Amino acid sequence: MSGLDHKKLAILQEAMGETSSQSIVVAVDRIFTGSTRLDGDAIVDFVQALCKVSIEELNSLVHPRMFSLTKIVEISYYNMGRVRIQWSRIWAVLGEHFNKVGCNPSEDVAFFAVDSLRQLSMKFLEKGELANFRFQKEFLRPFELIMKKNRSPTIRDMVVRCIAQMVNSQAGNIRSGWKNVFSVFFLAASDHDEGIVELAFQTTGKIICSVFEKYFSAILDSFQDAVKCLSEFACNAAFPDTSMEAIRLIRNCAKCVMDKPNMFKEHAGDQEMQVSEDDRVWVKGWFPVLFELSCIINRCKLDVRTRGLTVMFEIMKSYGHTFQKHWWKDLFNIVFRIFDNMKLPEQQVEKAEWMTTTCNHALYAIIDVFTQYFDILNDILLDELLSQLFWCVQQDNEQLARSGTNCLENLVISNGEKFSNTVWDKVCHCMMQIFNSTIPEKLSTWKPEGYEEPPNSPRPDPDDVQEHQVRDGSPVNGETSPEKKDQLQRTGSIHSVHSISSVTSTESKGNKSQYTKTVADQKLFTSILIKCVVQLELIQSIDSILFFPATSRHEDEENMKAVQDGSFNSAFLTSSEKDDPGMYRYLSVDQLFLLLNCLEQSHRFAKKFNTNNAQRELLRNAGFKGKSKPNLLKQETSSLACLLRVLFKMYSDEKRQEFWPKIQQKLISVCKEALEYFLTLESDSHRDTWKSLIVLLLSKMLKMNEQRFKVHASNHYSQLCEVMLFDLKWEQRAILRSFFVRTGKVFSIVCDS
């Protein structure tokens with residue numbers, strides 16, 4: 001009996017224990033469910049205490065407990081219906097707790113926290129958000145902080161999936177929370193985990209392509225964040241395909257700004273950023289798009305930054321007509337950062353690549369935009385643009401230097417007819433600056449270390465030029481290897497450092513002392529060669545600007561053909577000057593004389609160097625350009641040809657009749673100096689380079705009327721008689737014959753018969 005009683009008593013005690021335990025559980029649950037009845041201050045205190053307990057449980061090293069964390073999720077559900085002011089105070093505590101728990105070293109704890117946060121967020125987003133409230137932004141902020149601080153791939157992937165789920169299911173209810181969405185995707189964009197990056201980018205792409213159309217007004221405040229997010233995707237070098245697609249989506253964002261300007265104007269946005277209604281579309285729309293593209297250009301590898309650069313200028317060209325003048329000023333402050341020395345790569349190879357590719361591409365694109373919107377940009381951009389072109393030719397980079405002069409030429413040819421006299425003054429002074437800064441003075445003054453001047457300088461070597469037959473491909477002439485001749489040439493260009501440096505020549509004559517180039521010498525020589533290239537490019541640019549590209553070349557070809565065919569008759573010689581489409585007619589006499597002085601200075605420098613055989617021999621021995629003796633024959637002849645063309649053009653220009661005496665005096669002086677120099681040339685090959693010059697000078701002279709011809713013939717007759725002593729080419733002899741025949745008739749030396 002007693003055994004049975006003991007058995008019943010054990011069962012009874014067990015039953016009573018279970019009942020007691022269930023009662024405790026119910027009682028405890030009642031504490032949490034009853035939290036809804038606490039007032040505003042009490043609930044905050046309760047939540048703070050619960051969070052402290054939760055932290056203690058989770059900090060257990062042996063076995064972290066998540067009981068209190070579970071209860072935190074429960075009371076969040078129970079109290080979500082409170083007025084927003086009270087709920088924001090509660091969430092200030094809870095959000096901070098989720099920040100800590102989401103970054104817990106234990107993946108299980110962090111995963112549970114993120115999943116709990118997801119459930120709460122989905123519930124919270126279902127309620128929507130009233131206008132002018134920002135509770136969503138506060139509620140979703142823990143996702144952002146966990147993504148920033150937790151480096152676990154699993155947790156980061158979970159965060160991205162949570163946000164993607166919210167976008168897919170609650171896009172219509174998200175308001176201020178879009179900032180958090182783009183912040184999380186921004187952080188995911190720089191990740192190296194392909195799954196994280198791909199999911200984040202797919203969701204971002206869906207927002208840009210689909211959600212923008214339906215809920216753009218709700219996303220407007222976060223438009224800048226969206227573009228910034230795309231920029232970060234583009235800058236992730238690990239996923240080039242994603243980079244290109246991100247740039248395409250930025251292009252879509254630009255189209256969105258274009259299609260919805262009124263939405264930007266009418267949307268006041270955050271109170272802390274008050275801008276005028278007219279400027280809102282710029283500050284919140286266009287500027288973020290263009291700024292982020294500039295960031296892509298400055299941060300990314302070649303193919304991505306090239307695409308970014310192309311899209312940026314496409315946007316300018318396509319939508320620039322809607323830009324206000326002061327917007328353009330802000331925009332080009334960004335664009336010109338591409339050329340900022342402080343922002344260029346430090347490594348020499350990367351810097352050279354940057355200049356040759358990105359700077360070069362940007363330069364041509366800027367000229368295109370300037371030409372398209374000349375009426376707007378002329379007043380605000382021209383000075384900066386000319387400064388930028390001048391900067392380009394100062395860099396020790398051949399391609400960029402050549403592009404600088406080429407772009408200056410394109411700028412003037414495309415817009416010159418719209419230039420005011422003041423603008424022409426600026427352009428001419430810019431050309432003068434470039435000329436003065438690129439005259440290769442060091443070419444005449446360089447001496448090797450320990451060099452002593454010999455007592456007697458050697459006489460000019462008649463064969464020194466024959467050693468390296470003059471070729472068009474070389475500014476500091478030497479024979480050019482065929483495979484190098486076409487490298488880095490612009491359209492119609494014949495100048496290249498590659499063609500200068502890559503030379504083949506016969507061995508130096510005699511026993512020449514050899515000098516080993518130092519690194520400093522090599523750097524200096526490269527800089528000198530680039531200056532020689534710029535001089536030639538600028539001479540060609542002036543000719544193209546004044547007479548239009550290829551006009552002078554065609555004139556030389558016509559003159560030479562006429563002489564060769566024997567059609568250089570009186571009708572041809574007396575034909576009037578053609579009215580060319582160049583910019584000559586828009587320049588004043590003073591501006592033309594400024595350019596003439598530049599050409600004359602360039603010609604005299606080249607002439608002086610070409611006669612300095614001792615210096616040229618020094619440079620050859622130093623390996624300045626292989627084994628050939630350097631010369632500036634191309635600069636010597638092209639500068640003089642352009643100089644003569646301009647002077648003869650002015651001399652025949654009826655509109656400049658009042659300046660004819662001054663022009664005539666200058667023309668006679670230049671021709672006399674040129675012929676005197678020609679008579680001093682001792683090398684046949686050097687004289688051969690003057691063939692077209694002699695034909696040009698005499699053909700222009702023969703086209704003069706009788707009175708003018710008398711003046712010039714009397715000044716140059718004796719020199720031209722001396723020219724006959726040389727073994728001239730047939731074309732030169734033929735044109736000289738025409739000169740002497742006409743001289744005989746004009747001065748009545750021969751009978752009419």
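The shown structure was predicted, so the numbers you read here are calculated from the model rather than taken from an experiment. The chain is numbered in sequence order, starting from 1.
- Salt-bridge formation is detected for the pair E555/R645: a Lys NZ or Arg NE/NH1/NH2 atom is positioned less than 4.0 Å from an Asp or Glu carboxylate oxygen.
- Residues R708 and N705 bring no donor and acceptor atom of their side chains to less than 3.5 Å of each other.
- Side chains of K634 and T637: no donor on one and acceptor on the other come within 3.5 Å.
- For F525 and W446, the ring centers are positioned less than 6.0 Å apart.
- No salt bridge links K561 with D556; every basic N to acidic carboxylate O contact stays at or beyond 4.0 Å.
- Taking the ring centre of F547 as origin, the terminal cationic atom of K649 falls outside the region bounded by 6.0 Å and 45° from the ring axis.
- Using a 4.0 Å cut-off between charged side-chain N and carboxylate O, D688 and K691 make no salt bridge.
- Donor-acceptor pairing under 3.5 Å is recorded for the side chains of T438 and Q535.
- Contact of the H712 side chain with the Q664 side chain is registered, since non-hydrogen atoms from C-beta on lie closer than 4.5 Å.
- We find that E398 and K531 are not joined by a salt bridge, their nearest charged nitrogen and carboxylate oxygen being 4.0 Å or further apart.
- With respect to the salt-bridge test (charged N to carboxylate O, under 4.0 angstrom), the residues R402 and E537 qualify.
- Residues S638 and I539 share a closest heavy-atom pair of O-CG2, 3.6 Å.
- At a threshold of 4.0 Å, the pair E557-R553 counts as salt-bridged, since one of the basic side-chain nitrogens sits closer than that to a carboxylate oxygen.
- Using a 4.5 Å cut-off on side-chain heavy atoms (C-beta onward), D396 and T526 make no contact.
- The main-chain N or O of K672 is found under 3.5 Å from a side-chain atom of Q719 such that the two form a donor-acceptor pair.
- Side-chain N/O atoms of Q591 and N421 include a donor and acceptor closer than 3.5 Å.
- For F593 and F659, the ring centers are positioned 6.0 Å apart or more.
- L382 has its side chain out of reach of D379: every pair of non-hydrogen atoms, C-beta onward, lies at least 4.5 Å apart.
- A salt bridge is defined here as a Lys NZ or Arg NE, NH1 or NH2 lying under 4.0 Å from an Asp or Glu carboxylate O, and E636 with K608 fails to meet this definition.
- The closest donor-acceptor contact from the side chain of S527 to the backbone of K523 lies at 3.5 Å or more, if one exists at all.
- Annotation: cation-pi geometry not satisfied between R585 and F548 (NZ/CZ under 6.0 angstrom from ring centroid, within 45° of ring axis).
- Checked against the 6.0 Å centroid criterion, the rings of F390 and H429 do not qualify as a close aromatic pair.
- Between E673 and R604 a salt bridge is recorded (basic side-chain N to carboxylate O distance below 4.0 Å).
- In summary, the side chains of Y584 and D653 do present a donor paired with an acceptor at a separation below 3.5 Å, with no hydrogens or angles considered.
- W391 and F339 have perpendicular rings, their planes meeting at more than 60° on a 0 to 90° scale where under 30° would count as parallel.
- When atom types are taken as modelled, the side chain of S414 and the backbone of L411 share no donor-acceptor pair closer than 3.5 angstrom.
- Side-chain N/O atoms of S541 and N406 include no donor and acceptor closer than 3.5 Å.
- With hydrogens and angles ignored, the 3.5 Å screen pairs no side-chain donor or acceptor of H361 with any backbone N or O of T357.
- Between W690 and Y677, the distance from one ring center to the other falls under 6.0 angstrom.
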